[in-house]
Amino acid sequence: MKNQTSQYSDQELCILLSDQGSSADAAFAEIYSRYSSRLHAYCVKIMNDYDEASDIFQETFIRFVQAARNKSEMTNVPAFLLRIARNLCLNAKRDKKQTTEPMDYMLVSEDRNYDKKQLLDLIDDALSKLSEEYKEAFVLREYDGFSYQEIADITGLSLSNVKIRVVRAKNQIREILQPYIKELS
Amino acid sequence: MNKDLELPFEDKIQLYLDGELSKEAEVGMFAAIAASDSLRDLFRDMLSIREEVRNDHRAFVPAPMLTERVVTAVGLGLPAGLMTAPTIGVGTAPIVSGAITQSWITILGFISALLMAVVSGYYYNETTKYEAQIAKKGDNSSANISTTEIVTSSVNTPSLSQVLQQIVANATNIKAQPTERIIYKFVNSGTNTSNVAALNSIKEELKAAEYAKENLKNLLADKTRELQEAQFKLDRINGSLDAEKQRSELLTKEVQALKDNLATVEAIRNELLNEQSKAQQKQANENTKTTETKEVQPNDTAILDPISKKKFSLTLGLRGLTSQSYPNPQLIQASETDFLNNIAISSLINITDNFAVGVEGGRENFGLVFSEITAPNTTVYYEKNPALLWGGLAVQGRLNPIESMWGIRPYLRGVVGGAPIGILGKVLGGVEFPITPTFSMSLATEGTFLQYSLQQNAFSTRKFGVTYGVQMTIK
């Protein structure tokens, strides 16, 4: 079944998933195999908290399966998944903002010792210094590999806005990391 | 007009790397990169960042437990033993990975695979030699049996070491071959079915070993991440703990200081209470003593005499006079001007330290000029200088001692009284010089007025002069 499902398009897999037959398991496995890594990266990077990101990751797939079973129209499955995850992340961040101090993470992050870091850690820190809009643009582009048009579809922004956000986010990240890249490379 | 052409080169590079730059703008961008070190650095930096992001295993690979959670939550099952691990990185194909989540099973699988490889190694070696000989003879029949998906091996049958090397190479080149699906299929010539079976067996075991390796890598990454998170949380907790310790120490010091202050205040309070108690006791004793005194000594002057009770003092004074009468008598006998005919004594009760009342009397000469009708149309004029006794009530006010002038006390005294021939008034103004608390000397100016009458005619005389004396105060 695996060999077969790997040949199917996303839409065909969604149809299999909605049938709830024996092929639904394989269809879900294939969709999970295709998109879980991008979704996971988005949740982890946007939420910056592994437990919360895991909850959102799980909830996204639950809602996705429900939508598939309801035969909702999904022309772009990864974008659909990301939209669900994005809404959940926004809700979680809004709730979190009401209960916790937003500076808490920043303060801890500042205490880290840059000398002992690898570039990935530095990228994480640099990401945390970006505004939420720029961070999301960077993650959707660099971690999830979405095109600018897909990012515009997911976020509901205009293409030119997406272009500006992605470019500025990358420039800012590079600006922050520039002193360390040469040392680490 | 193409808007990309107007962008800064930095932005053009970012767009180019994202595949979003127009072809027209690319030309100018490459020319700028060729001419600028900083743009080349930017290009390299962005490639480094992108490469690093795609190696972010922690971000891209959900923990096996999370995958199980998701599968359970959505109410679906996955193909047993072959649950496909998620794709790593952007645009990469899925990696074949086992869903063996129990590490001990994977370890056992790995060990059994190695054992199988060793046991079948010799036989396999011989087979490959045989196949090599056939290949040399130009027998190409094996090519017809090849499967369609050939990724990692050539059409020629590889040796075991080549297979192992290829597997390792495939495992390590997963990221380097992002668009290829890694499928471990072994191709053989098919001339020897037992060899094929053995090789298939080895292939399966090696695949299991590879699954184990991947799972162990995943598990290691997962645990490493958990460890980092735990360390992160621990650091935060330690930070909070340090802050709480400092706060606790500060509060302890404050509490101790407050305790000390409280003890001090308590001691002062106790001391004051003792003093109050002593004062009350003393007052009670005094009251008792006074009551007893009243009962036992009813004649005590302190009680009966209000002046004494108020501790009034008595000042006795003796002073001499040197004064001139107006009008001047024509005849003044020497005997009438000596000291004893020009003195006064006083006794004043000091109501307060500044005010006193009392009596004063003395003897002094007065120049008298008066007339008497001795017969009709006969008037006799007299000029006399008699020494007259006088006396009266005295009132005195005095200022507090002027410390800057040896403690002198200015005073003013008035006397109203009489002499045998008429009424008399005196006014004195001067200063007292304290010698001891009991004795003092005085120096003052004095004016006296005496009015007398004869045969219903009123006459008067006045005197002005200086008076000097001593006082003794009895408390």
Side-chain angles (χ1 to χ4, degrees), chain A residues 1-2 6 17 20 24-30 32-42 44-45 50-51 54 57-62 64-66 104 108 111 118-120 122-124 141-148 160 163-164 166-168 170-171 173-174 177-178 181-182 184-185, chain B residues 3 7-8 10-15 17-20 41-42 44-46 48-63 65-67 69-79 82-92 94-95 181 225-226 228-229 232 235-236 239:
Chain A
M1 178 60 79
K2 164 137 183 72
S6 63
L17 191 57
Q20 298 188 44
D25 291 356
F28 178 75
E30 181 61 27
Y32 187 87
S33 168
R34 288 181 189 178
Y35 303 120
S36 62
S37 63
R38 297 162 77 177
L39 188 67
H40 189 262
Y42 178 85
V44 168
K45 293 300 166 185
Y50 190 80
D51 293 336
S54 297
F57 177 79
Q58 176 181 319
E59 184 63 23
T60 302
F61 275 108
I62 291 171
F64 169 74
V65 170
Q66 285 170 350
D104 195 21
V108 175
D111 291 341
Q118 295 302 310
L119 187 53
L120 262 182
L122 292 168
I123 291 172
D124 278 348
R141 173 60 222 155
E142 290 299 316
Y143 281 86
D144 294 331
F146 285 113
S147 68
Y148 286 13
S160 58
K163 189 184 283 188
I164 290 168
V166 172
V167 168
R168 286 186 183 168
K170 289 165 75 174
N171 282 337
I173 289 274
R174 192 251 180 178
L177 297 180
Q178 197 177 12
I181 289 177
K182 283 182 183 172
L184 293 169
S185 60
Chain B
K3 288 183 179 177
L7 292 171
E10 289 81 1
D11 292 359
K12 282 181 187 172
I13 290 172
Q14 304 288 16
L15 290 174
L17 290 171
D18 288 342
E20 303 278 351
D41 286 344
L42 169 65
R44 274 193 292 268
D45 290 350
M46 291 316 300
S48 298
I49 291 169
R50 171 164 290 182
E51 181 66 19
E52 202 63 27
V53 163
R54 292 183 181 180
N55 287 331
D56 193 350
H57 190 71
R58 286 179 297 175
F60 284 114
V61 181
M65 286 179 68
L66 179 58
T67 300
R69 260 176 62 188
V70 173
V71 170
T72 307
V74 299
L76 294 170
L78 293 180
L82 274 176
M83 185 178 72
T84 306
T87 307
I88 293 180
V90 179
T92 59
I95 298 167
R181 181 178 296 280
R225 180 187 51 72
E226 284 180 16
Q228 286 172 344
E229 285 179 358
F232 186 67
D235 288 346
R236 292 183 63 179

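Worth saying up front: this structure is predicted, and the values here are computed from it rather than measured. Letters A, B, ... mirror the listed sequences (proteins, then strands); counts begin at 1.
The minimum heavy-atom distance linking Glu52(B) with Leu120(A) is given by the pair O-CD2, 3.5 Å.
Between chain A and the residues Asp235(B), Asp56(B), Asp11(B), the largest count of heavy-atom pairs under 4.5 Å involves Asp56(B). The greatest number of non-hydrogen atom pairs below 4.5 Å with chain A, out of Ala59(B), Gly19(B), Ala73(B), Ala63(B), is found for Ala59(B). For the set Val65(A), Val44(A), Val167(A), the count of heavy-atom pairs under 4.5 angstrom toward chain B peaks at Val167(A). In terms of non-hydrogen atom pairs under 4.5 Å with chain B, the most contact-rich of Thr60(A), Leu39(A), Ile173(A), Ile123(A) is Ile123(A).
Taking the ring centre of Phe57(A) as origin, the terminal cationic atom of Arg69(B) falls outside the region bounded by 6.0 Å and 45° from the ring axis.
Using a distance-only test at 3.5 Å, with no hydrogens or angles considered, no donor-acceptor pair links the side chain of Arg38(A) to the main chain of Tyr143(A). Looking only at distances, no side-chain donor or acceptor of Glu10(B) sits under 3.5 Å from a matching main-chain atom of Asn171(A). Proximity of a side-chain donor or acceptor of Arg50(B) to a complementary backbone N or O of Leu17(B) within less than 3.5 Å is detected.
Heavy-atom distances place both the backbone and the side chain of Ile62(A) under 4.5 Å from chain B. The contact between Lys45(A) and chain B is made entirely by side chain atoms (from C-beta outward), counting heavy-atom distances below 4.5 Å. For chain B, the nearby parts of Ser147(A) are the backbone and the side chain; heavy atoms of each come within less than 4.5 Å. Proximity to chain A (any heavy atom under 4.5 Å) is shown, for Ile13(B), by neither the backbone nor the side chain.
Tyr32(A) and Phe61(A) have tilted rings, their planes meeting at an angle from 30° to 60° on a 0 to 90° scale.
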